[in-house]
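Okay, so here's the structure we're looking at.
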There are 2 protein chains.
Amino acid sequence: MRSIDNSTELNNSTLASSELQDNRSNAPVVKLCPHSAGVSCGSCRLNELCLPIALSEGEMQQLDDIVERNRPYKKADHLYRHDEFRSIFAVRSGSFKTYVLSSSGSGRVTGFYLPGEIIGMDGIADRTHANSAVALEHASICEIPFSQLESLSLKLPSLQHNFFSILGAEITKDQKIHTILSSYSAEQRIASFLLGVSSRYARVGLSPTRFHLPMTRGDIGEYLGLTVETVSRLFTALQKKGLISVDNREIALLAKDELRAIVGADEL
Amino acid sequence: MRSIDNSTELNNSTLASSELQDNRSNAPVVKLCPHSAGVSCGSCRLNELCLPIALSEGEMQQLDDIVERNRPYKKADHLYRHDEFRSIFAVRSGSFKTYVLSSSGSGRVTGFYLPGEIIGMDGIADRTHANSAVALEHASICEIPFSQLESLSLKLPSLQHNFFSILGAEITKDQKIHTILSSYSAEQRIASFLLGVSSRYARVGLSPTRFHLPMTRGDIGEYLGLTVETVSRLFTALQKKGLISVDNREIALLAKDELRAIVGADEL
DNA sequence: CGTAGTGTTGAATTGAATCAAGTGTCGTGG
DNA sequence: CCACGACACTTGATTCAATTCAACACTACG
């Protein structure tokens with residue numbers, strides 16, 4: 001029922017609206033919790049990590065006008081499937097994974113997206129998403145129709161600049177993963193992954209040393225080119241070494257420097 | 001003398017200019033061989049694969065005005081090192097590889113760039129190139145200063161659109177490699193790589209079935225996360241199966257369909 | 001409270017790496 | 001033009017890290 005294949009998209013009209021309802025009607029004036037659907041770019045807690053960086057108030061308003069804030073997604077809801085490209089999405093709360101179903105059946109995870117990050121740039125070139133995106137937990141997003149973003153970028157130099165930067169950052173990130181997958185051992189991959197998640201949480205103001213992993217060990221394995229078993233074994237091994245503590249999906253990084261030493265250098 | 005580390009950059013004032021000299025002074029009117037330094041975007045054989053797609057003549061002229069056509073690079077010359085970002089580059093002839101020197105010393109190749117392809121997008125986000133780029137053979141490029149490209153993109157919607165597409169294509173490509181590295185066997189990686197090179201040559205009008213590889217087996221190995229020995233063995237094995245013919249770096253694809261069958265699906 | 005999905009652990013297997021010893025190729029200088 | 005030296009490439013034998021196969025424990029939700 002909750003598998004990737006047969007979940008109904010966006011079927012949360014009755015169920016999931018409850019926790020959001022209370023915020024719907026207020027016009028927010030200060031930065032709001034990003035779970036809120038009533039948030040605007042100007043009031044969003046994440047606006048300095050997202051497209052609006054360095055935009056004036058008036059410019060932000062123009063961006064705000066093209067942003068669509070859909071109802072929230074629940075676990076296993078698809079944000080998009082491998083299909084027509086229309087928008088890019090900014091994660092406001094929760095998390096997503098993107099994946100491709102290889103012809104041989106089994107999927108491979110191509111990315112995880114946490115709050116403040118942008119999904120869907122894989123569709124820009126071909127006007128077709130190369131992968132599918134699915135919520136790992138309750139999540140909300142801002143949808144930014146691409147053609148409108150293009151038009152607006154012509155008018156707002158800062159927005160164009162920001163979007164170029166975001167695309168460039170995605171390229172840099174993907175190339176870092178390339179290096180990781182082509183040369184790191186399983187232990188290095190896991191250490192790198194944990195450090196990467198850590199700094200991504202830190203970016204949005206959450207603890208870089210204690211966090212919850214929204215994805216399964218299997219997801220992590222597919223992402224890093226390892227099997228579930230290997231991921232599990234390494235979590236255990238790193239815990240035994242005292243570098244991390246693992247309680248199911250609750251992770252604490254106890255010795256970041258030693259994790260960095262394992263990786264040798266950069267994070268994921 | 002010709003190693004990555006100690007080559008002098010751009011020291012080809014006397015040596016390499018000879019083969020280009022003859023074209024320097026003519027004002028070209030029809031599409032020229034891309035080796036020519038006298039080429040303009042309007043007359044470039046590759047203009048329909050590059051930034052100018054769908055630009056009007058006047059627009060193309062404006063783009064042309066910001067493009068710098070440097071003197072050619074010879075084998076092992078660096079286009080840029082892991083350092084300050086200023087420009088992106090379009091390969092006009094020859095080929096380049098990009099690589100990072102991992103902290104543990106040994107480098108990893110992150111990409112190969114053939115004529116009609118764009119290098120340097122890894123520097124957009126941080127204003128610092130994440131990797132270094134070096135010529136694999138005699139090569140020439142068009143340098144496009146990024147800040148000028150940004151300015152011009154604000155004025156020319158088609159140019160902005162093209163550049164978004166090019167960035168998006170790089171992202172899609174990198175994610176495909178992610179899948180390859182995280183789930184393909186050595187044989188699948190090599191088959192995928194050869195098919196990928198094939199279609200990239202086809203794109204610029206060269207034979208998709210007989211081509212020259214500008215990179216070493218070692219480069220291919222670093223790129224695909226394999227050792228030289230494995231690459232070599234698999235070239236031999238695929239030849240024994242009759243799927244390819246290998247003569248040093250001259251490759252012929254004899255049975256593309258069977259190569260595709262090995263990969264299972266998409267190319268690199 | 002049962003069932004499906006998730007996670008752990010152990011033992012056996014294997015694909016690719018490593019180690020090792022060559023041969024082939026190309027550019028350079030004598 | 002040939003000989004030299006530096007890379008580039010190949011092939012074989014051995015090793016090892018991670019996968020595969022297998023059995024079981026946890027947990028969380030309907």
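Reminder, nothing fancy here: chain letters follow the sequence lines and each chain counts from 1. This one's a predicted model, so the numbers in the text were calculated from it and none came from an experiment.
Judged purely by distance below 3.5 Å, without hydrogens or angles, the side chains of A:T128 and A:E84 never pair a donor atom with an acceptor atom.
Whole-Å rounding puts the B:H212 NE2 to C:dT25 C1' distance at 13 Å. For the pair A:L238 CG and C:dT8 P, the interatomic distance rounds to 12 Å; values are reported in whole Å. Rounded to an integer number of Å, the gap from B:M215 CE to D:dC9 C1' is 16 Å. In this structure, B:L213 places its CG atom 15 Å from P of D:dA8, rounding to the nearest Å. At whole-Å resolution of the value, CD in B:E250 and P in C:dC26 are 10 Å apart. The separation between A:H138 atom NE2 and D:dC29 atom P is 13 Å, rounded to whole Å. Protein atom CZ of B:R189 is 14 Å distant from nucleotide atom P of C:dG15, rounded to whole Å. Taking atom CG of B:L136 as the reference point, atom C1' of D:dC7 lies 15 Å away to the nearest angstrom.
Taking both residues in full, the closest heavy atoms of B:L253 and B:K256 are given as CD1-CE, 4.0 Å, listed atom of the first, atom of the second, then distance. Across A:Q175 and B:D122, no two heavy atoms sit closer than the pair OE1-CB, 3.6 Å.
Every residue two or more places apart in sequence or in another chain that forms a ring pair (Phe, Tyr, Trp, His ring centres under 6.0 Å) with B:H129 is listed here: B:Y80, B:F85. Scanning for salt bridge (Lys or Arg N to Asp or Glu O under 4.0 Å) contacts around A:D247 gives an empty result, with sequence neighbours left out.
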Under 3.5 Å, which protein N or O atoms sit close to an N or O of nucleotides 14-18 of chain D? Give each pair with its distance.
| from | atom 1 | to | atom 2 | distance (Å) |
| --- | --- | --- | --- | --- |
| D:dA18 | OP1 | A:A186 | N | 2.7 |

Enumerate the protein-to-nucleotides 21-27 of chain D contacts in which both atoms are nitrogen or oxygen and the separation is below 3.5 Å.
| from | atom 1 | to | atom 2 | distance (Å) |
| --- | --- | --- | --- | --- |
| D:dC21 | N4 | A:E229 | OE2 | 3.1 |

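A donor-acceptor contact shorter than 3.5 Å is absent between the side chain of B:R69 and the backbone of B:E143. The backbone N or O of A:I171 lies less than 3.5 Å from no partner atom in the side chain of A:D174, so there is not a single donor-acceptor pair.
Comparing the local axis fitted to the first five base pairs of the helix from C:dC1-D:dG30 to C:dG30-D:dC1 with the one fitted to its last five gives a bend of 40°, rounded to 10°.
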Checklist entry - Given A:S182 and B:E222, is the side-chain hydrogen bond (donor to acceptor under 3.5 Å, both in side chains) satisfied, shown in steps? => result CA-CA 7 Å; A:S182 69; B:E222 285 185 18; over 6 Å; no
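Distance check, rounded to the nearest 0.5 Å: CZ of A:F96 to CG of A:L136 gives 8.5 Å.
For the side-chain hydrogen bond (donor to acceptor under 3.5 Å, both in side chains) with B:E117, the qualifying choice from B:K173, B:R200, B:R203 is B:R200, the only one to do so.
Contact annotation: B:T216 side-chain N/O to D:dC7 OP1/OP2 distance is not under 4.0 Å. Between B:R249 and D:dC9 there is a side-chain polar atom (N or O) within less than 4.0 angstrom of OP1 or OP2.
Pairs passing the side chain to side chain donor-acceptor pair (under 3.5 Å) check and including a residue from residues 234-244 of chain B, sequence neighbours excluded, read B:E187-B:K241.
B:S232 comes within 4.0 angstrom of a base, heavy atoms only.
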